[in-house]
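Written out below as structure tokens is the structure these notes cover.
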2 protein chains.
Amino acid sequence: MSMMNYAAGVSLKHATLGLLTYGPASGYDLLQKFRESLANVWPATQSQLYGELGKLAAAGLVTVAAEGPRGRKEYAITPEGSAELRHWLGEVPPAPNRRSEMLLRVFFLGMLTPEQAREYLDDRATVAAELQAELRELATTVDPDSGPLAVYGRLALEWALRFSVMQEEWATWAADEVRRAQEGVE
Amino acid sequence: MSMMNYAAGVSLKHATLGLLTYGPASGYDLLQKFRESLANVWPATQSQLYGELGKLAAAGLVTVAAEGPRGRKEYAITPEGSAELRHWLGEVPPAPNRRSEMLLRVFFLGMLTPEQAREYLDDRATVAAELQAELRELATTVDPDSGPLAVYGRLALEWALRFSVMQEEWATWAADEVRRAQEGVE
DNA sequence: CTTCGACCTGTCACTACTGACATGTCGAAA
DNA sequence: TTTCGACATGTCAGTAGTGACAGGTCGAAG
């Protein structure tokens, strides 16, 4: 029984527990899933994941359910882990994203010439449009009734789609604003 | 002359340089500015900032332009610092946000009852609506021609506004989807 | 029967960030 | 003239995250 549960609000922990609710898996397996489905939501490196699994096991939130060839350790979520995950999902308010490099740059666009500033914003619009195309492509690819991850995964996909639409529209508008301000001064 | 410039893509560095383009300031001053204007874009703690100023000075991107009472050190950006900032703004593509705790939770909403899942989504809609109200309030407060930060700051504000609108609409839609799926099964 | 790619776990050094602690000084109001 | 709030700098231990290094094994195709 370890006395200190490690700090709250740490999402790698919950991402790992969440993936394990879909069935037991090794660190190696989980790493694939992180890359396949969570890459754009909560990426994790190999070193981080193996470390996390160790902590999770020490805290009793997962157990080594089976050992296989090549030193494979198959982890399974415990009832305590499951309770922790549900607690996090239902009772802990999500922390909003605090940092945006894209917006930070906007604050300092005044250092550039208006032309360069517009170029930056136009580029944002282009990138957002490209992302949109990729996402729409992806949406057609996803099997509508494959696995339970797909059910709520579609909601996440829709979010990303709407986000990229918003970003494109905003960037186009902002580039226009810059042009307008420029004309006003001249 | 230090041989190693510290790693690229580190935004606290550029946030600090950016703030210093508005005039010389002490660590203390900068900390206020971080809290006032960059809090929702790139927050920084005191310990981080003082450390950063030290590194920036060692790298020659800022200098101690004046020393005042209470050990006050007034930092000013150097031509090298200014060049670095412009390089970052104009030539280095911004890294997209990779992590979203909010979306991570969406992936695991299947662990909860559909009612709880809908509650989560409804809460997101509510929070987004509240944020929107605050932002609109803030928009009326901002002096339209105060300081150069305000010019591009307005673009950032508009982004936040559009983001919160998007989030609210998405969450409302998603809660509806969950209800629909629930009815489909019953 | 070899060999090679996929499988599999682990460690290390380093950077970024956080919150708390420690330590003082100046200036204005009481 | 005291005292207190704002000014001001710095350090430290700890967590999170990254990329590289290191080492080993199984299974199937050639």
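Since the model is a prediction, treat every value here as computed from it, not as a measurement. Below, chains carry the letters A, B, ... as their sequence lines are ordered, and counting in each starts from 1.
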Test: Asp176(B) and Arg118(B) ion pair at under 4.0 Å: no
Please report, rounded to the nearest Å, how far the P atom of dC26(C) is from the CD atom of Glu67(B). 13 Å
For Lys55(B) and dT15(C), what is the distance between atoms NZ and C1' respectively, to the nearest whole Å? 7 Å
Whole angstroms only, please: what is the NZ-C1' distance between Lys73(B) and dC7(D)? 15 Å
Not counting sequence neighbours, which residues clear side chain to side chain contact (heavy atoms under 4.5 Å, CB included) with Val62(B)? List them please. Leu17(B), Leu20(B), Leu56(B), Ala57(B), Tyr75(B)
Kindly write out the residues that satisfy salt bridge (charged side-chain N to carboxylate O under 4.0 Å, His left out) with Glu168(B), not counting sequence neighbours, or none if the list is empty. none
Arg72(B) CZ - dT9(D) P separation (whole Å): 7 Å
Honestly, is Arg124(A) close enough over Tyr120(A), meaning NZ or CZ under 6.0 Å from the six-membered ring centre and within 45° of the axis? yes
Gap between atoms CD and P, on Glu101(B) and dG17(D) respectively (whole Å): 11 Å
Atom-to-atom span, CG of Leu49(B) to C1' of dT9(D) - whole angstrom: 11 Å
Rounded to whole angstroms, how far apart are OH on Tyr50(B) and P on dA22(C)? 18 Å
Charged N-O contact under 4.0 Å between Arg105(B) and Glu101(B): yes
Sugar-phosphate or base contact per nucleotide [nucleotides 18-26 of chain D; S, B, -; heavy atom under 4.0 Å]: BBB----BB
Salt-bridged, Glu177(A) to Arg180(A), with N to O below 4.0 Å? yes
Spacing of Arg35(A) atom CZ relative to dC7(C) atom P, expressed in whole Å: 11 Å
